[in-house]
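Numbers here are sequence positions counted from 1. These numbers come from the heavy atoms of this one structure, side chains and all, not from hydrogens, waters or symmetry mates. Note that the structure is a prediction, hence the values are computed from the model and not measured.
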Amino acid sequence: MNFRMLIFSGIVTAFVGAALGVVIDHVSQTKSRRATIILVGSTLGFVIGVGYEAVQQQKEEKQ
């Protein structure tokens with residue numbers, strides 16, 4: 001496994017998740033939960049990105 005690619009994919013999708021968190025915060029207009037929404041979005045983005053990249057690398061190794 002290429003751990004650099006795993007971390008890179010996680011960071012990129014974490015930025016996407018954080019951006020979605022900002023959009024959700026703007027739409028919901030609840031300023032008291034802003035940090036929580038952004039943190040959860042970026043964490044979920046990182047986990048999804050790393051998981052997806054790990055699956056892709058496993059598929060390539062099996063072929």
Side chain to side chain contact (heavy atoms under 4.5 Å, CB included) against [X], all qualifying residues, sequence neighbours excluded:
{"X": "E61", "value": "M1, Q58"}
{"X": "I11", "value": "I7, F15, F46"}
{"X": "Q29", "value": "none"}

Should side-chain heavy atoms under 4.5 Å link Ile, Leu, Val, Met, Phe, Trp and Tyr, which residues sit in the same cluster as [X]?
{"X": "L44", "answer": "V40"}
{"X": "I24", "answer": "I37"}
{"X": "V12", "answer": "F8"}

Heavy-atom pair of closest approach, residues [X] and [Y]:
{"X": "N2", "Y": "Q57", "value": "N-OE1, 2.9 Å"}
{"X": "V50", "Y": "G10", "value": "CG2-CA, 3.9 Å"}
{"X": "S9", "Y": "G49", "value": "CB-O, 3.8 Å"}

* Kindly determine whether I38 and V22 satisfy side chain to side chain contact (heavy atoms under 4.5 Å, CB included), including the steps that lead there. => CA-CA 6 Å; I38 295 172; V22 169; 3.8 Å; yes
* Checking T13 side chain against G45 main chain: does a donor-acceptor pair fall under 3.5 Å? -> yes
